[in-house]
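Written out below as structure tokens is the structure these notes cover.
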Amino acid sequence: MLTPAEQALYERIYLVVRQIPSGRLASYGDVATVVGGGCDARTVGYALGAIPPAQQREIPWQRVVNREGAISTRGLEQRHLLEQEGVEFDAQGHAPMSHYRWEGPSAAWAAKHGFQTLPTRHEGEQLSLF
DNA sequence: GAATTGACGGGGC
DNA sequence: AGCCCCGCCAATT
């Protein structure tokens with residue numbers, strides 16, 4: 001029996017994943033950042049692996065990939081689903097996140113549901129500690 | 001309660 | 001690009 005807190009955490013993760021538009025990709029870490037509240041990339045991966053069969057149809061779990069734009073496990077099925085959405089993979093099996101990366105939920109949606117937005121990143125701009 | 005595992009990320013070299 | 005190492009959180013043993 002899951003505690004209400006655990007159940008709520010999973011539901012929040014699923015709710016965020018549902019916001020990812022078709023044809024776009026989000027990394028596990030990005031989903032965790034939006035969820036906030038002590039959620040990390042590994043937790044997102046675990047939650048996605050625990051999606052009830054009844055909900056797999058409506059949660060676009062295939063749009064969550066690792067930060068390299070590649071699929072770690074269950075690759076064939078996931079890649080096939082993404083290709084149906086127009087995502088193209090290169091010969092190395094990874095999609096360029098600079099092009100497909102989801103920018104996160106709108107500020108209005110995040111504020112309404114109590115989530116966070118993704119830190120703004122410009123393509124090609126490297127974070128510098130300076 | 002300790003150790004390990006897992007659909008991971010990031011910094012340093 | 002690679003490789004190594006550490007951190008993070010949840011579940012399992």
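Owing to the predicted nature of the structure, the values given are computational and were not obtained by experimental measurement. Every chain is numbered from 1, with letters handed out A, B, ... down the list of sequences.
A/Tyr14 places its OH atom 12 Å from the C1' atom of B/dA7, with the value rounded to the nearest Å. A/Tyr28 has its OH atom 19 Å from the P atom of C/dC9, to the nearest Å. In this entry the distance linking CD1 of A/Ile13 with C1' of B/dG6 reads 14 Å, nearest Å. Whole-Å rounding puts the A/Leu81 CG to B/dA7 C1' distance at 14 Å. What separates CG of A/Leu9 from P of C/dA10 is a distance of 6 Å, to the nearest Å. Across the protein-nucleic acid pair, A/Met97 atom CE and B/dG10 atom P stand 10 Å apart, rounded to whole Å. Spacing between atom CD of A/Glu11 and atom C1' of C/dA10 amounts to 16 Å, rounded to whole angstrom units. We find that CZ of A/Arg12 is positioned 13 Å from C1' of C/dC9, with the value rounded to whole Å.
Taking the charged nitrogens against the carboxylate oxygens, A/Asp30 and A/Arg67 have no contact shorter than 4.0 Å, which rules out a salt bridge. Residues A/Glu85 and A/Arg24 are not paired through a salt bridge, judged by the lack of any N-O separation under 4.0 Å between the basic side chain and the carboxylate.
Residue A/Gly49 is classed as a base contact, given a heavy-atom separation below 4.0 Å to a base.
Side-chain proximity of A/Thr43 to C/dC9, C/dA11, B/dC8: nearest is C/dC9. Residue A/Arg67 places its side chain closer to B/dG10 than to any other of B/dG10, C/dA10, B/dC8. In the set B/dA7, C/dA11, B/dC8, B/dC8 carries the atom at the smallest distance from any side-chain atom of A/Asn66.
Between A/Arg42 and B/dG9, a side-chain N or O to OP1/OP2 separation shorter than 4.0 Å is absent.
With a 4.5 Å cut-off on side-chain heavy atoms, A/Pro105 and A/Val34 count as touching.
Of the C1' atoms belonging to C/dC4 and B/dA7, the separation is 23 Å, rounded to the nearest Å.
Nearest approach of A/Thr117 to A/Ala107, heavy atoms of both residues: CG2-CA, 3.8 Å.
Proximity of the aromatic rings of A/Trp61 and A/Tyr14 is defined here by a centroid distance below 6.0 angstrom, and this criterion is not met.
Along DNA chain C, the nucleotide nearest to A/Gly37 and the one nearest to A/Gln92 differ in position, and the one closer to the 5' end is contacted by A/Gln92. The 5' end of DNA chain B is approached more closely, in terms of each residue's nearest nucleotide, by A/Tyr46 than by the other of A/Glu68 and A/Tyr46.
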